Chemist: 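The structure follows.
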Amino acid sequence: MMGSLKKSKPSSGQIFIVGIFIFYMILPIIATYIFSIATRWDRTILPEGYSLEGYMEATTNPYFFITLKNSLVLSVASVLVSLFVVVPTVYWVHVKLHSAKPLLDLLMILPFGIPGVVLALALVQVYNFQPISRSPLLLTAATVVFTMPFMYRSVSNNLAAVDIPTLTEAAQSLGANTFNVLWRVIIPNIFPGILSGSLLVFATVFAEFTLARLIVGAGFKTFPMLLVEYTRKDGTIAAGMSVISFTIAWIVSLLILWASGKGIKVSRESIGAR
Amino acid sequence: MRQSSKNRNRVLSWLGLLPFLLFCLAFEIVPILLLLRDSLFTRAGELTAANYQGAVAPLYLRSFWNSIKLSGITALLGTTIGLVVGYGVFRWPSKRVQDSLIALSDVTTNFAGAPLAFAFIIVLGSNGLITQFFLKYLDIKLYPEFSVYSLSGLILAYLYFQLPLMVLLIIPAFGGIKKEWRESATNLGANTYQFWWNIGLPILAPSLIAGFVLLFANAFGAYATAYTLTGSKLSLVTLQIGFTITGEVLHEPGIGQAMAVLSLLIMGTCIAIYQVATSRARKWTRG
């Protein structure tokens, strides 16, 4: 827009506004990184000294690795369930069942309208029998429901950008059977979408606190749950754990950028682990 | 004959959808419908409004008011500031800087929950970085008037994920304002103010409305950030519903169900408006 009015240098007002925005977005992150290696930082503008003690203390707590493992297991399980439940469905609707698109769209918007606490309350009350009651299994189902839209959007955007019927016909005319068409032609073509969808699900579930705390609670402690505990006990350790969370989020975001650079646009406006 | 095989194909096609539909029914739709039913009936199976009457008793009404205030303020601030920042980013001459700023928004809007809450304690807590800076260099005492653990603190923390979300939503909308329109308007004698009021704003309006309701819903449903920052000091709808599940604060389960249904209604309305507004907005950003 307004190409003719575009200058080669930003105006001072623009620099001011964008500068404040960057400051607001970066300061809490930098402060957390510094706090995690500060010895004491409550009387001065800059810390009085630096050490890695927070990290060492954090990692000597056996819960550190247990919760890290729990969160990883939960995230990977959610990605796998999502891959088996969501991806084939999106493909199926795209190729064979266009008339189901509105229904699928609606089902994929629903999770945005359900707060995590409400989903947790509904699931806990319905599944109040053993062995599923308050189990990590029920939690996985909840995190999959919660993150379905991420997988859906990534994969369906990718499908829309690829001419599936032509590719399928071309492969079939060269003698490929259904399995080969899917494995050698379709999946490689929608792989960037599947990858960014999986990464989004992974990152969201890894940072997820609400469902984990309310559905399972202390029986299956996740990394964010331990982090919240430490915010009330030991600031340095809490900061160290926040740094680990931030870093994982950065890495996943970079990977998604890299994946989406491979030809599809990943839409991300949605409701995460707030 | 051909007709019947066609029908059979259709049925088979729908069967392919079955695993997914069953999953949604089992873990999303049926539990929500049962929640709705339980909120409306007594244990003996009689229709009752008692749960809803309980949910609007002063104690819980205040949590609705707090949640609506928090969501409304952060959505309003997020929309207006996001609009200005988004325009600044959109007009930035260097494409590289623009892409980096969009990437920054993309990452930060997903930094939420406990790590974000703790980052704000470090910056704005009673011994926080900014708190000390104000005290030492500007001689301004932020505490006790301001507190990161109160509503004012939550507003600043929520803005951290609301603002970049709005920036991401509004940038494509600016792309919908064609430069030819600006030129034509200028040629016809319109000044900048007239252009924005008569042309720019109406084009942006659906995106602004979509942004506002999405931000509102985003804040209304949030739990982790508020839980970490305020604990139980500030009464919010999501925190109250959480207490029903954990049983930390004793209350009637029926009231928790009624509050959950009411918040579903509020969120559902927001998402419905969002859908309508984005489809309107797409009219401009496409093509």
Side-chain angles (χ1 to χ4, degrees), chain A residues 1-4 6-10 14 17-18 21 25 27-29 31-32 35 42 45 85 89 92 96-97 100 107 109-110 112-118 120-126 141-142 145 207 209-210 214 224 227-228 231 238 242 245-246 249-250 253 257 268-269 271-274, chain B residues 13 16-17 19-20 23-24 27-28 31-32 34-35 84-85 88-89 91-93 103-104 106-108 110-115 118-120 122-123 127 129 132-133 161 164-165 168-169 174-175 177-179 182 218 221-225 228 238 241-242 244-245 256 260 263-264 267-268 271:
Chain A
M1 156 208 172
M2 292 172 237
S4 55
K6 238 174 196 172
K7 293 153 281 181
S8 56
K9 284 224 166 81
Q14 218 175 343
I17 287 159
V18 173
F21 174 68
M25 291 293 123
L27 183 73
I29 298 172
T32 308
F35 197 94
D42 57 355
I45 297 289
V85 176
T89 308
W92 191 251
K96 294 259 169 169
L97 203 61
L107 284 173
I109 293 159
L110 277 186
F112 287 159
I114 306 174
V117 278
V118 174
L121 179 68
L123 287 174
V124 164
Q125 290 188 339
V126 172
V145 167
F209 171 75
T210 312
L214 295 176
L227 168 52
V228 171
T231 59
S242 299
S245 309
F246 283 149
W250 281 114
S253 299
L257 269 175
R268 235 191 141 167
E269 19 99 8
I271 298 163
R274 267 130 218 171
Chain B
S13 300
L17 212 59
F20 173 73
F23 187 84
C24 287
F27 297 111
E28 186 181 10
I32 295 288
L34 288 177
L35 182 75
V84 176
V85 173
V89 174
R91 290 291 309 274
W92 202 273
L104 175 73
D106 202 56
V107 179
T108 49
N110 286 289
F111 277 172
F118 190 66
F120 267 81
I122 295 174
V123 175
N127 294 315
L129 178 61
Q132 287 189 57
F133 181 84
F161 56 73
L165 183 60
L168 291 177
L169 282 171
F174 284 120
I177 304 173
K178 301 281 172 286
K179 66 173 186 206
R182 178 72 186 254
N218 202 17
Y223 173 84
T225 312
T228 315
T238 46
I241 298 171
T244 315
I245 306 175
S263 52
L264 272 180
M267 295 273 289
I271 298 300

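Letters A, B, ... mirror the listed sequences (proteins, then strands); counts begin at 1. A quick note: this is a predicted structure, and the numbers were derived from the prediction, not measured.
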Chemist: Please classify the contact between Val123(B) and chain A as side chain, backbone, both or neither, with a heavy-atom cut-off of under 4.5 Å.
Modeler: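 Side chain only.
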Chemist: Give the minimum heavy-atom separation between Ala119(B) and Pro28(A), together with the two atoms involved.
Modeler: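 In this case the closest contact between Ala119(B) and Pro28(A) is CB-O, 3.6 Å.
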Chemist: Look at Leu17(B), Thr228(B), Ile245(B), Leu264(B) and state which one has the largest set of heavy-atom pairs under 4.5 Å with chain A.
Modeler: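 That would be Ile245(B).
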Chemist: Kindly compute the distance separating OG1 (Thr210(A)) from CD1 (Ile241(B)), expressed to the nearest 0.5 Å.
Modeler: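 So the gap between those two atoms works out to 11.5 Å.
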Chemist: Of all of Thr32(A), Val228(A), Leu121(A), which one pairs up most often with chain B through heavy atoms under 4.5 Å apart?
Modeler: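 Among Thr32(A), Val228(A), Leu121(A), the one with the most close pairs to chain B is Leu121(A).
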Chemist: State, with a plain yes or no, whether a side-chain heavy atom of Pro115(B) is found less than 4.5 Å away from one of Leu227(A).
Modeler: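 Side chain of Pro115(B) against side chain of Leu227(A), heavy atoms only: contact under 4.5 Å found.
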Chemist: Heavy-atom pairs under 4.5 Å with chain A: which of Val89(B), Val84(B), Leu35(B), Val85(B) has the most?
Modeler: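 The residue among Val89(B), Val84(B), Leu35(B), Val85(B) with the greatest pair count is Val85(B).
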Chemist: Provide the closest heavy-atom pair for Gly16(B) versus Trp92(A) in the form atom of the first, atom of the second, distance.
Modeler: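 For Gly16(B) and Trp92(A), the tightest heavy-atom pair comes out as CA-NE1, 3.7 Å.
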Chemist: How long is the span from the CZ atom in Phe111(B) to the CD1 atom in Ile29(A), to the nearest 0.5 Å?
Modeler: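 Rounded to the nearest 0.5 Å, the CZ-CD1 separation comes to 4.5 Å.
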Chemist: At a 4.5 Å cut-off on heavy atoms, which part of Phe246(A) comes close to chain B: side chain, backbone, both, or neither?
Modeler: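 For Phe246(A), the contact with chain B is made by backbone and side chain together.
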Chemist: Would you name the heavy atoms of Pro93(B) and Lys9(A) that are closest together and state the gap between them?
Modeler: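 So the two residues come closest at CG-C, 3.6 Å.
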Chemist: Sort Phe133(B) into side chain, backbone, both or neither according to what part of it lies under 4.5 angstrom from a heavy atom of chain A.
Modeler: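 Answer is both: backbone and side chain atoms of Phe133(B) are under 4.5 Å from chain A.
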Chemist: My understanding is that only one of Ile114(A), Ile109(A), Leu110(A) makes a side-chain contact (heavy atoms from CB on, under 4.5 Å) with Ile271(B); could you say which?
Modeler: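 So the option named by the test is Ile109(A).
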Chemist: Under a 4.5 Å cutoff for heavy-atom pairs, which residue among Gly116(A), Ala141(A), Ala120(A) has the most contacts with chain B?
Modeler: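 Top count of heavy-atom pairs under 4.5 Å with chain B: Ala141(A).
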Chemist: For Leu97(A) and Ser13(B), work out which heavy atoms get closest and say how close.
Modeler: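 Leu97(A) and Ser13(B) have their closest heavy atoms at CD1-CB, 3.4 Å.
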Chemist: Using heavy-atom distances under 4.5 Å, tell me whether Leu34(B) contacts chain A through its side chain, its backbone, both, or neither.
Modeler: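 Contact with chain A involves the side chain of Leu34(B) alone.
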Chemist: Count the heavy-atom pairs under 4.5 Å between each of Ile17(A), Val126(A), Leu214(A) and chain B, then report the option with the highest count.
Modeler: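 When all of Ile17(A), Val126(A), Leu214(A) are compared, Leu214(A) has the most.
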Chemist: By a 4.5 Å heavy-atom criterion (distance strictly below it), what part of Leu104(B) contacts chain A: side chain, backbone, both, or neither?
Modeler: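 Answer is side chain: those atoms of Leu104(B) sit under 4.5 Å from chain A.
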Chemist: If you count heavy-atom pairs within less than 4.5 Å of chain B, which of Pro115(A), Ala100(A), Ala142(A), Ser245(A) leads?
Modeler: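 Going by pairs under 4.5 Å, I would pick Pro115(A).
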Chemist: If you take all heavy atoms of Pro10(A) and Trp92(B), which pair is closest and at what distance?
Modeler: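 Nearest pair, atom of Pro10(A) first, then Trp92(B): CG-CZ2, 3.5 Å.
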Chemist: Over all heavy atoms of both residues, which pair between Val85(A) and Phe20(B) is shortest? Give the atoms and the distance, please.
Modeler: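 Heavy-atom minimum between the residues: CG1-CD1, 3.8 Å.
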Chemist: Is there a donor-acceptor pair closer than 3.5 Å between any side-chain N or O of Glu28(B) and the backbone N or O of Val145(A)?
Modeler: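 Not a single qualifying donor-acceptor pair exists.
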